[in-house]
Number of protein chains: 2
Amino acid sequence: MHGIEIAVSTVIFALRDDPRNDCTALGMPLVRRVRQPYEGSWALPGGPVRPDEDLTDTARRTLVETTALSPTYLEQLYTFGHVDRASKPVPGPRVISVVYWALVRPEEAERGIEDDNVAWHAADHPPELAFDHATIVDYALWRLRTKMEYSRIAQAFLGETFTLAQLRQVYEVVLQRTLDPANFRRQVESSGGVEPTGEYLVGGRHRPPKLYRHRAASDLADNGPLTRL
Amino acid sequence: MHGIEIAVSTVIFALRDDPRNDCTALGMPLVRRVRQPYEGSWALPGGPVRPDEDLTDTARRTLVETTALSPTYLEQLYTFGHVDRASKPVPGPRVISVVYWALVRPEEAERGIEDDNVAWHAADHPPELAFDHATIVDYALWRLRTKMEYSRIAQAFLGETFTLAQLRQVYEVVLQRTLDPANFRRQVESSGGVEPTGEYLVGGRHRPPKLYRHRAASDLADNGPLTRL
DNA sequence: ACAAAAGTGTTGAATCTACACCCATGT
DNA sequence: ACATGGGTGTAGATTCAACACTTTTGT
């Protein structure tokens, strides 16, 4: 038997209201390491793959165990397997990490565990991270932003019903630029990804906006022949 | 120590002239299994990861060992880890496969080993394949076609210099549709991915076409923060 | 009445697509 | 001369981006 360990880690994104700056930002839950190496540093949630467990099940399980979150979107990101990635400060066994990335809704994110060892951080300015997790987060962010432009994953950040302004805000926060509301509306409406519920969101300070829902027909992202799995 | 084995497999694509139909098609080298399970079936080249070997090195090494090919483009595709993927006809240990995909040039493909146990097959009509390799090939094909539309990987199929007609043929064969030569030329020229060498390809039956080369500046595909690795 | 977000309309620019047409070579 | 692929030009359709303007609510 060889000495390579295999683990799953997950980069989790959610839109959260930052109370300090009075704005919403892209957040990411991290767990504090309680063992050497990198004891005390922040790291991505994850853990070893059990012998009878599919990789995506490992992702879901470790996610629930450490953060109590269940994602609306979960996709494999990349497998990091460099020989020395787990043996940098002190020698350790080789670990190959199959990394997933996940999106969760704001309400879901609120329910998540939050204590000294599990906390949300800004996705674009993460603290010092253990192992090669900084690179992993960079790549996950890049994938999120890239995929946002040609798929409907933005909807995975929102609940069952939502207004177009809310959906637009998702794009604006993630892509870090403002979008023209008029053009955005037309783009989304003609894409066929959403459909109006007929209801309106009342109680706002201004004209009540239409509510939309996800169109069940098509998937949030086209992953080709992999969607079947 | 757990009982999960970790291996690397690679889907290799090349454009090859099919002598039967007098046309070029997308080919893929496969190796015949010499052991149970699936003994005698065709499978993707690959093998177990050595303890001191990076994943991409395993891909390169097994590629050379079994097919004698060295690719111009090599990228991680996906990691397949379903519990029962290697224990279908007869029980066997669990194997997680990190799959890569590769592109090789025609001249390179000619040099590759070819015998009873290593042979080229049509990428879109593969024979019965071992394990879940049929799914893997499907996915690799999908990725190739998808990525072809927004990157310059098509150039990895060609040598140092090439004509625009040759580059166009790559697109036509892979995407399985004809492209307007005039519009194709403009698209490619304005993309900045190629630059004229100043030379012309002589010896053809018609007007000698300009020769182009890859522009060294930018990479063939934008893989974000992963390009550094 | 007014402020501000929701939603509609319009215009010019940029891009895509189809196709006409000229150019240069081997036969 | 002519067939054929190499290469340029152009007109119409489609898409994109910017912004004016109307609608509807709370205050």
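A note on names: the letters A, B, ... follow the listed sequences, proteins ahead of strands, and every chain is numbered from 1.
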Participant: Measure distances between side-chain N and O atoms of R205(B) and base N and O atoms of dT4(D), and say whether any donor-acceptor pair falls under 3.5 Å.
Facilitator: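 Check fails, no donor-acceptor contact within cut-off.
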
Participant: Under a plain distance cut-off of 3.5 Å, with no hydrogens placed, do T79(B) and T79(A) share a side-chain donor-acceptor pair?
Facilitator: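 Yes, side-chain donor-acceptor contact under 3.5 Å.
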
Participant: Of the listed nucleotides (dA6(C), dG6(D), dG9(D)), which one gets closest to any side-chain atom of R168(A)?
Facilitator: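 The closest nucleotide is dA6(C).
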
Participant: Give the rounded distance in Å between these two atoms: CZ of R207(B) and C1' of dG26(C).
Facilitator: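 My rounded result for the distance is 14 Å.
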
Participant: Does P209(A) or D180(A) map to a spot on DNA chain C nearer the 5' end, using the closest nucleotide for each?
Facilitator: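 Closest to the 5' end, via its nearest nucleotide, is P209(A).
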
Participant: Taking CD from Q169(A) and P from dA5(C), how many angstroms apart are they, rounded to a whole number?
Facilitator: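 Going from Q169(A) (CD) to dA5(C) (P), I get 12 Å.
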
Participant: Which is true for A165(A) with a 4.0 Å heavy-atom rule: it touches a base, it touches only sugar-phosphate, or it touches nothing?
Facilitator: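 The answer is sugar-phosphate, as A165(A) gets under 4.0 Å only of primed atoms, P, OP1 or OP2.
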
Participant: If I take atom OH in residue Y200(B) and atom C1' in nucleotide dG7(D), what distance separates them, rounded to the nearest angstrom?
Facilitator: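 Computing the Y200(B):OH to dG7(D):C1' distance gives 10 Å.
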
Participant: When you measure from the side chain of S191(B) to the backbone of G193(B), do you find a donor-acceptor pair of N or O atoms at a distance under 3.5 Å?
Facilitator: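 The answer is yes, because a donor-acceptor pair under 3.5 Å joins these two groups.
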
Participant: Figure out the CG/P separation between L179(B) and dA18(C), and round it to whole Å.
Facilitator: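 Interatomic distance, CG of L179(B) to P of dA18(C): 11 Å.
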
Participant: Measure the distance from CD on Q187(A) to P on dT14(D) and round it to the nearest whole Å.
Facilitator: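 Roughly 18 Å, once rounded to whole Å.
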
Participant: Quickly, which of V170(B), T163(B), L164(B) forms a side-chain contact (heavy atoms from CB on, under 4.5 Å) with Q166(B)? Name it, please.
Facilitator: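 The option that passes is T163(B).
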
Participant: Tell me: CD of Q166(B) to P of dG5(D), nearest whole Å?
Facilitator: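 In whole Å, dG5(D) P lies 15 Å from Q166(B) CD.
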
Participant: If I take atom CD in residue E189(B) and atom C1' in nucleotide dG7(D), what distance separates them, rounded to the nearest angstrom?
Facilitator: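 Taking atom C1' of dG7(D) as the reference, CD of E189(B) is at 9 Å.
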
Participant: Can you tell me the distance, in whole Å, between the CG atom of L201(A) and the P atom of dG26(D)?
Facilitator: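 One finds 12 Å between P of dG26(D) and CG of L201(A), rounded.
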
Participant: Is a donor-acceptor pair below 3.5 Å formed from side chain R186(B) to base dG9(D), judging by atom type as modelled?
Facilitator: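 Flag set: donor-acceptor pair detected.
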
Participant: Determine whether the side chains of Q169(A) and T24(A) contain a donor N or O and an acceptor N or O closer than 3.5 Å.
Facilitator: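 Present: a donor and an acceptor within the cut-off.
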
Participant: Taking the minimum atom-to-atom distance to the side chain of R185(B), which one of dG7(D), dA5(C), dA24(C) wins?
Facilitator: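 It is dG7(D).
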
Participant: Evaluate the ring planes of F131(B) and H133(B), with Trp represented by its six-membered ring, and classify them as parallel (under 30°), tilted (30 to 60°) or perpendicular (over 60°).
Facilitator: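 It falls in the tilted class, 30° to 60°.
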
Participant: Specify the residue among N183(A) and H206(A) whose closest nucleotide of DNA chain C lies further upstream toward the 5′ end.
Facilitator: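 So the residue in question is H206(A).
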
